[in-house]
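Written out below as structure tokens is the structure these notes cover.
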Amino acid sequence: MTKRKPLSTIVADSLVEKIRAGQLLPGAQLPTEAELCAEYEVSRTVVREAVARLRSEGLVVPHQGRGIFVGDLPASRNFSIPDEALKTLPETIALLELRLSVEVEAAGLCAERCTAAEAAEIRALMEQFDAQQEDPAAINIHYDYDFHLAIAKAARNEFMHAFLAYLKPKIVPRYQLGYVVAASLKDRYYARIHREHNAVVEAIERGDGRAARQAMRKHLHASLERVRELAASSGIAGKDETGEGAAALLVDGFGRSLTSHK
């Protein structure tokens with residue numbers, strides 16, 4: 001069963017539709033809070049949250065002492081991924097696929113463009129994260145995200161870095177590593193991740209863009225497959241599930257996976 005959208009999202013979506021349809025033209029004033037509360041039968045808090053979303057997307061502009069007005073260019077909407085769109089494993093998998101497509105190229109550009117100092121910093125970050133080896137139940141799956149951000153930053157493409165930085169608060173807190181890695185397998189898991197990381201870093205240090213792309217693709221594809229396995233083991237196919245408790249189902253499968261990649 002799909003969860004009902006938050007009331008603030010329903011109100012915001014309705015206002016966006018009115019703007020897109022021309023019912024609220026550029027320069028037009030939005031109804032007052034009281035009028036919106038009455039129209040949608042919601043509280044002032046809900047209305048304020050809905051309007052705040054429209055403001056963050058540049059669709060409406062506040063004028064001190066006058067009210068909220070539709071922006072001059074409401075069609076130029078910023079890219080965004082609503083939090084409610086990431087409540088299930090299938091949506092999380094789709095986001096990981098998007099991340100993979102950007103990061104593979106970022107790794108190649110990093111190898112081709114970064115300085116020796118930046119390469120050294122990336123290696124230092126890798127060693128820092130790979131040395132932690134925390135209990136999988138106490139760490140996020142994407143615990144190494146800042147390492148990946150450093151690679152994107154050294155790619156000299158501000159949009160790649162900005163996009164991945166935008167994804168960080170959405171993707172990093174999603175699942176604990178313990179969902180896909182049993183504690184008994186943690187040493188082998190961390191050793192494998194270090195090998196994957198090191199292959200990326202060595203290619204960057206050599207300035208080998210092709211090898212960096214290949215190594216990053218292998219690393220992120222392995223991460224994506226682990227989450228896909230979580231979804232499959234949980235019996236999730238578009239359901240509104242978080243996948244909690246699936247770790248026990250993954251122990252044998254992940255063990256075989258590790259064995260096959262020695």
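Note that this is a predicted model, so its numbers are computed, not measured. These values consider heavy atoms only, across backbone and side chains, with no hydrogens, waters or symmetry-generated copies.
- The shortest non-hydrogen separation linking Glu196 to Ala222 is OE2-CB, 3.8 Å.
- Residues passing the salt bridge (Lys or Arg N to Asp or Glu O under 4.0 Å) test with Arg206 are Asp208, sequence neighbours excluded.
- In this structure, CG on Asn198 lies 12.0 Å from NE2 on His219, to the nearest 0.5 angstrom.
- Counting heavy atoms from C-beta on, the side chains of Pro136 and Tyr189 never come closer than 4.5 Å.
- Minimum interatomic distance between Ala107 and Ile204 (heavy atoms only, all atoms of both residues): O-CG1, 4.3 Å.
- Here Arg53 does not pair with Glu49 in a salt bridge; the nearest charged N to carboxylate O distance is not below 4.0 Å.
- Counting heavy atoms of neighbouring residues, nucleotides and ligands inside a 6.0 Å radius, atom CD of Glu41 does not exceed 12 of them.
- Distance check: Leu15 CG to Ile68 CD1 gives 11.5 Å after rounding to the nearest 0.5 Å.
- Two residues are said to be in side-chain contact when any heavy atoms from C-beta on lie closer than 4.5 Å; Glu158 and Lys153 fail this criterion.
- Remark: Glu118 CD to Glu121 CD distance equals 7.5 Å, nearest 0.5 Å.
- For the atom pair CD1 (Ile151) and CE (Met126), the distance works out to 9.5 Å, reported to the nearest 0.5 Å.
- Listed here is the closest heavy atom pair of Ala50 and Ala12: CB-N, 3.7 Å.
- For the residue pair Asn157 and Arg113, no side-chain donor N or O sits within less than 3.5 Å of a side-chain acceptor on the partner.
- One N or O on the side chain of Tyr145 and one on the backbone of Leu164 form a donor-acceptor pair closer than 3.5 Å.
- In this structure, the side chains of Leu220 and Leu224 stay at 4.5 Å or more apart for every pair of heavy atoms.
- A salt bridge between Glu105 and Arg213 is present, with a side-chain N of the basic residue lying under 4.0 Å from a carboxylate O of the acidic one.
- Side chain of Tyr143 to backbone of Gln133: no donor-acceptor contact under 3.5 angstrom is found.
- The two residues Leu36 and Val42 have their closest heavy-atom pair at O-CG2, 4.5 Å.
- Nearest heavy-atom pair across Lys186 and Glu134 is CD-O, 4.0 Å.
- Among all heavy-atom pairs drawn from Ile122 and Ala154, the shortest one is CD1-CB, 4.2 Å.
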>> Pair Arg99, His142 - check side-chain hydrogen bond (donor to acceptor under 3.5 Å, both in side chains), show working.
In response: CA-CA 12 Å; Arg99 175 189 168 190; His142 304 291; 3.1 Å; yes
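- Separation of atoms CG (Asp146) and NZ (Lys168) is listed at 3.5 Å; rounding is to 0.5 Å.
- Here Arg44 does not pair with Glu35 in a salt bridge; the nearest charged N to carboxylate O distance is not below 4.0 Å.
- No close placement of the His161 and His148 rings is indicated, their centers lying 6.0 Å or farther apart.
- With a 6.0 Å cutoff to the six-membered ring centre and a 45° limit on the axis angle, Arg66 counts as a cation-pi contact of Phe69.
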>> Run the side-chain contact (heavy atoms from CB on, under 4.5 Å) test on Phe163 and Val102 for me, step by step, so that the C-alpha distance in whole Å, both residues' side-chain angles and the decisive distance to 0.1 Å come before the verdict.
In response: CA-CA 9 Å; Phe163 176 67; Val102 174; 3.8 Å; yes
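- At a threshold of 4.5 Å between non-hydrogen side-chain atoms, the residues Val70 and Val61 do not count as touching.
- Summarising the geometry, atom CG belonging to Asp144 is positioned 7.5 Å from atom CG belonging to Asp130; distances are rounded to the nearest 0.5 Å.
- Other residues, nucleotides and ligands contribute more than 12 heavy atoms inside 6.0 Å of the CZ atom of Arg156.
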